[in-house]
2 protein chains.
Amino acid sequence: MDRPRKPTLDTVAGVVGVSRATVSNAYNRPDQLSAALRERIMQTAASLGYSGPDPVARSLATRHSAAVGFMLGQGLSASFADAALSIVLDGLASTVDGHDHCLVLIPGRDKGGPRPETVARAQADVVVAYSLPDDAPALAAVRARGLPMVVIDQPVLPDTARVEVDDFGGARLAASSLWALGHRRFGVLTFALHPDGHNGPVTPERLTSTPFRVTRDRLNGYLDVIGATTPAWECARSSRELGRAGARALLSAVPAEQRPTALLCASDELAFGALQAVRDLGLRVPADVSVIGFDDVPAAEHADPPLTTVRQPLAEKGRHAGELALRLLDGGRPGEPTRLAVSLVSRDSTAPPE
Amino acid sequence: MDRPRKPTLDTVAGVVGVSRATVSNAYNRPDQLSAALRERIMQTAASLGYSGPDPVARSLATRHSAAVGFMLGQGLSASFADAALSIVLDGLASTVDGHDHCLVLIPGRDKGGPRPETVARAQADVVVAYSLPDDAPALAAVRARGLPMVVIDQPVLPDTARVEVDDFGGARLAASSLWALGHRRFGVLTFALHPDGHNGPVTPERLTSTPFRVTRDRLNGYLDVIGATTPAWECARSSRELGRAGARALLSAVPAEQRPTALLCASDELAFGALQAVRDLGLRVPADVSVIGFDDVPAAEHADPPLTTVRQPLAEKGRHAGELALRLLDGGRPGEPTRLAVSLVSRDSTAPPE
DNA sequence: TGGACGTTCTGAAGCGCTTCAGTCACACTC
DNA sequence: GAGTGTGACTGAAGCGCTTCAGAACGTCCA
């Protein structure tokens, strides 16, 4: 199988009878040569089957690779199942895509983000990190490579751009609204405090030592309003099924007269599960139990009943991260962290306790 | 801002006092040098802040980049919302990830897959194409670059590995089961026949000229059993909302006594919408209308009622595509296309007509 | 008519790494 | 002690492109 060697810039230059630099210019700086010559070069290239400068060689020479890396806290599949993440990614893609950049997904291992070796090999000019544990080795790996980085929902790292949301305030908002409605007995449903796959009641130790800023802030926001002794349940992932199980545990742990009249959920996905759990137990939302979510993913509006939730601007978060990434790519400085506002969206899953 | 120049292989070699080749070997072929020297090199590298060979330069020299490209038929956001795609990607990731490869997502434009320019710039050694139109320019762009390719759910392309599913047979299976139950009046819900955003009744012209193999096969499978004159509705995307609208149209187009007693949906997502539409009209599933899906995404089992559907092995599809990609990477030949089996999963959304 | 200026194209020096054919020193064999 | 290995390391030739400082050749104005 002696397939003919792939043509290169040199091949084309040779055939046309110009220098390699000129062919390169034909692709990258059309204003540097006459239109006629350029045309001739392009024709020859086409007839030779040359499909443009090799991206890798180009990247080596220019020192950038037209790709933004995205480090996931979880495996690809879990990521794809996460509606909030999808929206963020979409926002990111919408800013980044116009510039002919590709998105390199760097999947996380089960525990705490991507492996450092994977990060070391990824070809990207800038990477954005999304909801990794604060101490993820991948974060260090990026810095070791000297790549610019933007983090979403994560604590300050020197020399790093950041976009975040007021999770603490949002959680307080949710809890206060329930309190104002007259609720006094609560249950809290949260996603992972530690990347160890644990499902069960939240213990103070697990809460104080969590490396996940978002989880910590939301949980603390709730507890700040409704009291630290409120029973809380930790789900290993933000999934409907785990939320359902957790909510069931919360609701059936105590006699009916002490049962929570309101469930605060750290994500909509968890809240959907909670909705289901309430039905499973033959109870009604919101008459018997109010349920409140966090994120305001599109499905929240179509849930049964439509879910009251804390809205965070997910798409904007992604878009903003994209803009920051692009700016860093241009050699810009990280600048001040951007903090986006949250708001309460009242729908039909909350009401005064009966 | 005169930040110190990043150390390179040369820097390390200079400091240790060995040749560059040796440092390279320390990283790539530990058996080529003494353990002691290797150790010394690694130490020096660490103290210099050298984080391993630059991936781009390495790719140029070795001529491969440890990344597999994945061409999407749609924008990133639509892709992330697609449960079936997510599962396929997950399967793919699970085989590919162990080899320290990254996944480069090449997002599609609205119409028919990624732009050829984007493809030309993407850094990947192999690309997998998923449910693009048969005539997508991106496909040609990959071939022009001479990259190996594996296609999922797409017709044969010379020199291309392929994994596919028996969509026609699966659709026949679904239709036959309904027929056997006694149904004689049907409605069919399909996703896009053409990438033009059209929603409405399926016309014969649109059907025969569709560039989407999957759509064509499923639809033809249904019609093969239940007759070509069955009313069918085309949704621009495989979304719950569009399915709901389409099903409503199908169910209310005719007087009640001629109303379809069964709805055949080309995807589960569409079927979920149909379930909702039936309820919207005050009818019951399956007593008044049976609904059958296609794919068997996880949510099918938890739908209300649980959805009867055609199961295709999504994860395996992705895994297989990953294995093929890896094999092509090793210079293997494409080999025979793999055809995976489908099966009918009977749940509670189908029953004999009342 | 000569110099300043533009336009168009070229030569050559990299970008940071891999790899292959050696070289060198040393041990081992008969 | 000449021949044969063998393990450890190196020199240099690329990989395919970009880019920058010119060269070459007009053109235009004073």
Side-chain angles (χ1 to χ4, degrees), chain A residues 4-42 44-45 48-66 120-125 144-147, chain B residues 4-42 44-45 48-66 120-125 144-147:
Chain A
R5 207 173 161 58
K6 263 191 72 178
T8 70
L9 251 199
D10 266 323
T11 321
V12 178
V15 173
V16 178
V18 296
S19 81
R20 189 175 12 172
T22 301
V23 180
S24 173
N25 281 334
Y27 282 94
N28 305 308
R29 312 183 165 189
D31 56 309
Q32 294 294 296
L33 36 56
S34 64
L37 179 55
R38 182 176 130 92
E39 184 53 27
R40 196 147 61 86
I41 289 175
M42 291 317 217
T44 311
L48 254 37
Y50 177 71
S51 58
D54 179 277
V56 175
R58 179 200 181 79
S59 293
L60 179 58
T62 59
R63 263 95 129 268
H64 48 80
S65 51
R121 286 196 132 63
Q123 286 173 198
D125 312 315
R145 277 186 60 181
L147 288 181
Chain B
R5 206 174 163 56
K6 262 191 73 177
T8 72
L9 253 199
D10 267 324
T11 322
V12 178
V15 173
V16 179
V18 294
S19 81
R20 186 177 15 172
T22 301
V23 180
S24 174
N25 281 335
Y27 281 94
N28 303 308
R29 315 182 164 188
D31 56 310
Q32 294 293 297
L33 35 52
S34 64
L37 178 54
R38 182 175 129 91
E39 184 52 28
R40 196 148 59 87
I41 289 174
M42 293 314 219
T44 311
L48 252 40
Y50 177 72
S51 58
D54 178 277
V56 175
R58 178 200 182 82
S59 291
L60 180 58
T62 59
R63 263 98 127 266
H64 47 79
S65 49
R121 286 195 133 63
Q123 285 173 195
D125 312 315
R145 278 186 60 181
L147 288 181

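Note that the coordinates shown come from a computational prediction; the quantities given were computed from them, not determined experimentally. What you see below is based on every heavy atom in this structure, not just the backbone, and it leaves out hydrogens, waters and symmetry mates. In the text below, chain A, chain B and the rest are named by the order of the sequence lines, each starting its count at 1.
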Q: Have a look at A:T44 and tell me which of A:V15, A:V23, A:T11 forms a side chain to side chain contact (heavy atoms under 4.5 Å, CB included) with it.
A: A:V15
Could you state the [atom1]-[atom2] distance from [X] to [N], rounded to the nearest angstrom?
{"X": "A:D54", "N": "D:dG14", "atom1": "CG", "atom2": "P", "result": "18 Å"}
{"X": "B:D31", "N": "D:dA8", "atom1": "CG", "atom2": "P", "result": "9 Å"}
{"X": "B:R121", "N": "D:dG16", "atom1": "CZ", "atom2": "P", "result": "18 Å"}
{"X": "B:N28", "N": "C:dG16", "atom1": "CG", "atom2": "P", "result": "17 Å"}
{"X": "A:Q32", "N": "D:dC20", "atom1": "CD", "atom2": "P", "result": "10 Å"}
{"X": "B:R38", "N": "D:dC9", "atom1": "CZ", "atom2": "P", "result": "13 Å"}

Within the structure shown, what part of the strands sits under 4.0 Å from [X] by heavy-atom distance: base, sugar-phosphate, or nothing?
{"X": "A:V56", "value": "nothing"}
{"X": "B:Y27", "value": "nothing"}
{"X": "B:T8", "value": "sugar-phosphate"}
{"X": "A:S34", "value": "sugar-phosphate"}
{"X": "B:L33", "value": "sugar-phosphate"}

**Q.** Min side-chain heavy-atom separation B:I41-B:L37 under 4.5 Å
**A.** yes
Q.
Do A:D54 and A:T8 make a side-chain contact, defined as non-hydrogen atoms from C-beta onward lying under 4.5 Å apart?
A.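 They are not in side-chain contact.
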Would you mind telling me which of [options] lies closest to the side-chain atoms of [X]?
{"X": "A:R20", "options": "C:dT10, C:dA13, D:dT10", "result": "C:dA13"}
{"X": "B:T22", "options": "D:dT10, D:dC17, C:dC17", "result": "D:dT10"}
{"X": "B:N25", "options": "D:dT18, D:dT10, C:dT10", "result": "D:dT10"}
{"X": "A:R29", "options": "D:dC9, D:dA12, D:dT19", "result": "D:dT19"}
{"X": "A:T62", "options": "C:dC9, D:dC15, D:dT19", "result": "D:dT19"}
{"X": "B:A57", "options": "C:dA12, C:dC17, D:dC17", "result": "C:dC17"}
{"X": "B:L9", "options": "C:dT18, C:dT19, C:dT10", "result": "C:dT18"}
{"X": "B:L60", "options": "D:dT18, C:dT18, D:dG16", "result": "D:dG16"}
{"X": "A:A21", "options": "C:dT18, D:dC17, C:dG11", "result": "C:dG11"}
{"X": "B:S24", "options": "D:dT19, C:dT18, D:dT18", "result": "C:dT18"}

Q.
So does B:A26 get a backbone contact from the side chain of B:R38, meaning a donor-acceptor N/O pair under 3.5 Å?
A.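 Flag set: sc B:R38 to bb B:A26 pair under 3.5 Å.
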Q. Under the 3.5 angstrom rule, does the side chain of A:S24 hit a backbone N or O of A:R20 as a donor-acceptor pair?
A.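 Not a single qualifying donor-acceptor pair exists.
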**Q.** Separation between CZ of B:R58 and NE2 of B:H64, rounded to the nearest 0.5 Å
**A.**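 Spacing of CZ (B:R58) from NE2 (B:H64) equals 8.0 Å.
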Q) When you check the phosphate oxygens OP1 and OP2 of D:dC15, does a side-chain N or O of B:R63 lie under 4.0 Å from one of them? A)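 Checking D:dC15 against B:R63, no side-chain N or O comes under 4.0 Å of OP1 or OP2.
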Q) Relative to the 5' end of DNA chain D, which residue comes earlier, A:P53 or B:A35, by the nucleotide with the nearest heavy atom? A)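 This one resolves to B:A35.
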